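The figures that follow rest on heavy atoms only: side chains count, while hydrogens, waters and symmetry mates do not. Each chain gets a letter, A, B and so on, in the order its sequence line appears, and its residues count up from 1. Please read these numbers as outputs of a predicted model, since none were measured by experiment.
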Amino acid sequence: MADDQRSKNDYKDTLFLPATDFPMRGGLPKKEPQMITRWDEMGLYAMLRADAKDREKFVLHDGPPYANGHLHMGTALNKTIKDLIVRTRQMAGFDANYVPGWDCHGLPIEWKVEEAFRGKGRKKGDVPPSEFREECRAYAAKWIDIQRTEFKRLGIEGDWWNPYKTMDFTTEAAIVREFLTFVEKGLVYRGSKPIMWSPVEQTALAEAEIEYHDHQSTTIWVKFPFVQAPEGLEGAQVVIWTTTPWTIPANRAVCYGEGISYGLYEVESVRQDLEFAPFAAPGDRLILADSLAEEVFGAAFVDTFKRIEDVPATKLSGAKLKHPLNGHADSYDFDVHMLSGDHVTDDAGTGFVHTAPSHGQEDYFAWLGAGLPLDAIPYTVGPDGAYTDEAPGFEGRQVFRTEGKKAGKDGDANPEVIKALVEKGSLLARGRLKHSYPHSWRSKAPVLFRNTPQWFIRVGQGEGSLRETALKAIDETTFYPPSGVNRLRGMVEQRPDWLVSRQRAWGVPITLFVDKSGEPLVDEAVNKRIYDAVAEKGADAWFDTPDAEFLGDKYDPADFEKVTDILDVWFDSGCTHAFTLEDRDDLQWPADLYMEGSDQHRGWFQSSLLEGCGTRGRAPYKAIFTHGFVLDDKGLKMSKSLGNVMLPEQVTQKFGADILRIWVASSDVQEDIRVGDEILGSAVDAYRKLRNTLRYLLSGLDGYTEEERVDVADMPELERYILHRLHEVNEKIRASFDAYNFKAAWRALSEFAIQDLSAFYFDIRKDCLYCDAPSSLKRRANRTVMAILLDHLVRLLAPVCPFTAEEVYDHFPAGLGEKKPSVHLLQFADVPGSYRDEALAERWQKLRGIRRVITGAIEEKRNEKLIGASLEAASGVVIDDPALADLAASVDLAELSITSQATLANGQAPDGAHRLPDQPNVAVSISKAAGEKCGRCWRVLPDVPEDGALCGRCADATK
RNA sequence: GCGCCGGUAGCUCAGUUGGUUAGAGCGUACGACUGAUAAUCGUAAGGUCGGAGGUUCAAAUCCUCCUCGGCGCACCA
């Protein structure tokens, strides 16, 4: 080893090099769980509450996730945004108490539990309802535990040990109370409508529970003869087309459109080249929409046909048809009405619509609209999707299979009906059609329209209606983003009455007694007894308690029927505001904010709105914030089949929760956001950079004490400029937090740390920090500013990276003053307005421009291998702008640009000087600095006696 | 099918009421340093602003159509 090498090392000991135990690498996957344990043990949540006890409340009301399954990126995103909101509000000086909740009732859990029972060889029918519900309860409880752990792993702060659950007895009672309020207000009625029915799950489904998938249907064209043909139509038959042959036994009418042009057609010949005989035969006289005739004849393998005459729609008015199954099983001998219908079009089918009022919304309304009686509508299909005895000859045949592996596949109803139609000579043609068809979102099995008695909440129309109240409430709500208002408004404007009954076991019962006329009993005393019983024993109380106990002396149980349906789970979740915000002392009603995915416009936002408006006349929230969905790195939806699913657990295990949180904070969460390896990689890089900046602050403040502190007035301009920037950035970040604009806050924070601090301020002051005497004013000012920066940055970082912020806080040098037990007990600190100095900032903005010219010039010389370290350089700066030259003269350009020397001149630049396009008046020439290199500070200065010896400044500093 | 939202450098995002050569950070490449070192600093490359028309003296920004993606609604007799 050479001598000068050793001497360098000797001087190294005289430097004030940064020192800290704070590690450069985060090691988050290991460290974060320990931090969670520590927060639990110290009771951080309780401390936060106690600390904020008397502050103004800010309530973000949690939309309950469903207590089933592990977290996915969507739920992680959702809870992380909520946590960002809650933490920033808390640190901004509010009491932001976050009470998480879970949605526990409903089909998905029931489905899983049924599966489990089946696995043990027990069919649902064999399991007593109370035992079944007990299992559901246990199942939900299990997943609540799992999800709680997973949410906590993400660093979500909240009342985890006292959350709300829709299955708590008190909650179930509260939901009963809310529902009975609707009843008392006369908003609940029993209707009989065709509704979506899932034969596999044997329940009615709301629109929210339906999804559309492709389904292969058998289509048929069916001929209906006239009972008594209108003049000129003797022997003619009306043709319909349907994709649901199984609804033919329920057919009671055929609709035609008044604006459609119909014609009477006669079959001349049918195709002979087939291996089977077409159902159509020469001489058949058929009535069809003109625009569809050719298509129909094509399907029927008719070779040639002729059009005989027009059939005006008026001619069909009032006509009666024979049912195509007339005589089958000695039945179907009633008349089929021809009805006019606006819904009939001639762009598909035959121009005539087969109408089975028990199996379609439009069919039902067409029937009622014609003034035909409700009780003439048959119930041909039972809850199990099999024909009842109202479909003579087909009893027991299933539309869809409901059991085993083939559940959801076509049953034997269609083939049997088609066979019967063929026997009757009513079939004209058949075919297959692949089209989108409603399916249950849970079982993925197709559903059918079925006419059953159900309970509804009347949303109504016009003045005084629930709809009107809700629309008014929407106007009074703030939406983030503003476009959300259109969406919710559109849905509320259009939605039908709220179907709230379900024929299931796991949920809050519809606690109604119905009298002989079908009207629900409304009696306060009875309702009170019901409420008390449910509060004590849960939903089971409704089913297990004898009716007489509820009804009391006033009513005879024999006069009433007890409803055994349960409530739609959306009603449960719509009540969360009542049993959480209102019933808990540590929250308040209405909520300041509901924050969920944009799909909840149709879900929770709406159910809560209707519930709140129905019972309390206003929305339970003041504002709604929506986030988008998590997509893969190419912008596609994550799905198992695409193999592009990423789980939050993978992220926390590989990188840590703080990384996941940075991903959230740096993304535009109001839109759909992407996630993938590269995107998370950026979050990791940003994290490292920020972590190192904080580490540098910690290490630079090693041994700092209050005595070092310098008044701002006594600080160099550079320090004051940085404090000005801090003020600016702090304002920007705080304002962004207030607007829930986390990406803007994150951007401001990380760009400040990178550009202003790491690449500019720290770089310039490194020499001072390492080499100047501890007593030097400049160094003290530098350390004072570093202390101020650290204090603010750790607070601003805390909501985004709660783990890392806490770790930084742990490593705060003792001299920074008294500490709280956790960084999260701090609030954001105001940066004194006196730090703000626009004039100074403008000057330094210009100086940074000059600096960029110098660093660019150095880089040129570096590429020419003339110099290496910038301290080897001396810069000759020439400025052709007197004011700018004066400004440059007021600072130490060498220090600013981290060169050893600098000269400044006015006027024209020499040839070959470096320039930048945006700095037209600045030119820089670089030469090697004259003198020897100081062995301590490495600057090349004329006052260094020999290479490796000390410069004057260092000689003083080491005395 | 209809409605809403969105498509700006490899990635994440800025781009105010339309106005000079469209910005930042990260990443990349190259280089420097070796006293923030699995760090730090510098320089550079990189975009026909999803596409096509149109309005305008002037459009990433306004209009129309198309396309891709997401969400929602609906129909399918």
At under 4.0 Å between heavy atoms, what does R691(A) touch on the DNA or RNA strands: base, sugar-phosphate, or nothing?
-> nothing
Can you tell me how far C1' of A36(B) sits from OH of Y761(A), to the nearest Å?
-> 15 Å
Are the side chain of N644(A) and the backbone N or O of M646(A) linked by a donor-acceptor pair below 3.5 Å?
-> no
Does K12(A) place a side-chain N or O at less than 4.0 Å from the phosphate oxygens OP1/OP2 of G35(B)?
-> yes
Given the C1' atoms of G18(B) and G54(B), what is the spacing between them in whole Å?
-> 15 Å
Heavy atoms under 4.0 Å, any strand shown: does A686(A) hit a base, just sugar-phosphate, or nothing?
-> nothing
Hey, does L15(A) reach any base, or is it just sugar-phosphate, or nothing, if we go heavy atoms under 4.0 Å?
-> base
Where the side chain of C771(A) is defined as all heavy atoms beyond and including C-beta, which of A14(B), U40(B), G35(B) is the nearest nucleotide?
-> G35(B)
With sugar-phosphate meaning primed atoms plus P, OP1 and OP2, does K865(A) contact a base, only sugar-phosphate, or nothing at under 4.0 Å between heavy atoms?
-> sugar-phosphate
Span that lies between the C1' atom of G25(B) and that of G15(B), in whole angstrom = 15 Å
Between U37(B) and U16(B), how far apart are the C1' atoms? Round to whole Å, please.
-> 43 Å
Determine the interatomic distance between P on G10(B) and the same-named atom on U48(B); round to the nearest Å.
-> 8 Å
Picking from C33(B), A36(B), C71(B), the nucleotide nearest the side-chain atoms of A869(A) would be C33(B)
Touch class at under 4.0 angstrom, heavy-atom based, for K766(A) against every strand present | base
Enter the distance from I248(A):CD1 to F224(A):CZ here, rounded to the nearest 0.5 Å.
-> 5.0 Å
Looking only at atom types and distance, does a side-chain atom of R661(A) sit under 3.5 Å from a main-chain N or O of V800(A), one as donor and one as acceptor?
-> yes
With the side chain defined as heavy atoms from C-beta on, M24(A) is closest, among G35(B), U37(B), U12(B), to U37(B)
Using a cut-off of strictly less than 4.0 Å, decide whether K861(A) has a side-chain nitrogen or oxygen near OP1 or OP2 of G42(B).
-> no
Rounded to the Å, how far apart are D672(A) CG and G70(B) P?
-> 9 Å
Phosphate OP1/OP2 of A36(B) contacted by Y770(A) side-chain N/O (<4.0 Å) | yes
Sugar-phosphate only, base, or nothing, as touched by Y696(A) at under 4.0 Å among non-hydrogen atoms | base
With respect to the side chain of K689(A), which nucleotide from C41(B), C73(B), U12(B) is positioned closest?
-> C41(B)
Would you call E895(A) and D767(A) a side-chain contact if the rule is heavy atoms closer than 4.5 Å?
-> no
Among Q919(A), K861(A), E860(A), side chain to side chain donor-acceptor pair (under 3.5 Å) partner for H914(A) = E860(A)
Single hit among E671(A), Q670(A), M595(A) for side-chain contact (heavy atoms from CB on, under 4.5 Å) with H627(A) | M595(A)
Sugar-phosphate only, base, or nothing, as touched by Q755(A) at under 4.0 Å among non-hydrogen atoms | sugar-phosphate
Quantified in whole Å, what is the P atom distance between nucleotide A29(B) and nucleotide C62(B)?
-> 38 Å
Is a donor-acceptor contact shorter than 3.5 angstrom present between the side chain of S758(A) and the base of A36(B)?
-> yes
Consider only side-chain N and O atoms of H354(A) and T247(A), and report whether a donor and an acceptor are under 3.5 Å apart.
-> yes
OP1 or OP2 of C41(B) sitting under 4.0 Å from any side-chain N/O of R851(A)?
-> no
Within this structure, what is the NE2-to-P distance between H601(A) and C5(B), rounded to whole angstrom?
-> 12 Å
Would you classify L636(A) as touching base, sugar-phosphate or nothing, given that sugar-phosphate means primed atoms plus P, OP1 and OP2, and contacts are heavy atoms under 4.0 Å?
-> sugar-phosphate
For T958(A) and R936(A), does a side-chain donor sit closer than 3.5 Å to a side-chain acceptor?
-> no
Closer to the 5' end of RNA chain B via nearest nucleotide, is it E678(A) or H354(A)?
-> E678(A)
Looking across every strand, which nucleic acid part, if any, lies under 4.0 Å from D633(A) by heavy atom: base, sugar-phosphate, or nothing?
-> nothing
So what does R747(A) touch, heavy atoms closer than 4.0 Å: a base, only the sugar-phosphate, or nothing?
-> base
When all nucleic acid strands are considered with a 4.0 Å heavy-atom cut-off, which category describes T855(A): base, sugar-phosphate, or nothing?
-> sugar-phosphate
Inter-nucleotide P distance (C49(B), U20(B)), Å rounded | 16 Å
At under 4.0 Å between heavy atoms, what does D685(A) touch on the DNA or RNA strands: base, sugar-phosphate, or nothing?
-> sugar-phosphate
When the C1' atoms of U64(B) and U56(B) are considered, how many whole Å apart are they?
-> 16 Å
For F762(A) and A36(B), say yes or no: do the ring centres fall under 5.5 Å of each other while the ring planes differ by less than 30°?
-> no
When you measure from the side chain of D668(A), which nucleotide among A36(B), G70(B), A14(B) comes out closest?
-> A14(B)
Looking only at atom P, what distance separates G46(B) and A24(B), rounded to whole Å?
-> 14 Å
In whole Å, what is the span from the CZ atom of R487(A) to the P atom of C73(B)?
-> 9 Å
Looking at every strand, decide which applies to S750(A) at a 4.0 Å heavy-atom threshold: base, sugar-phosphate, or nothing.
-> nothing
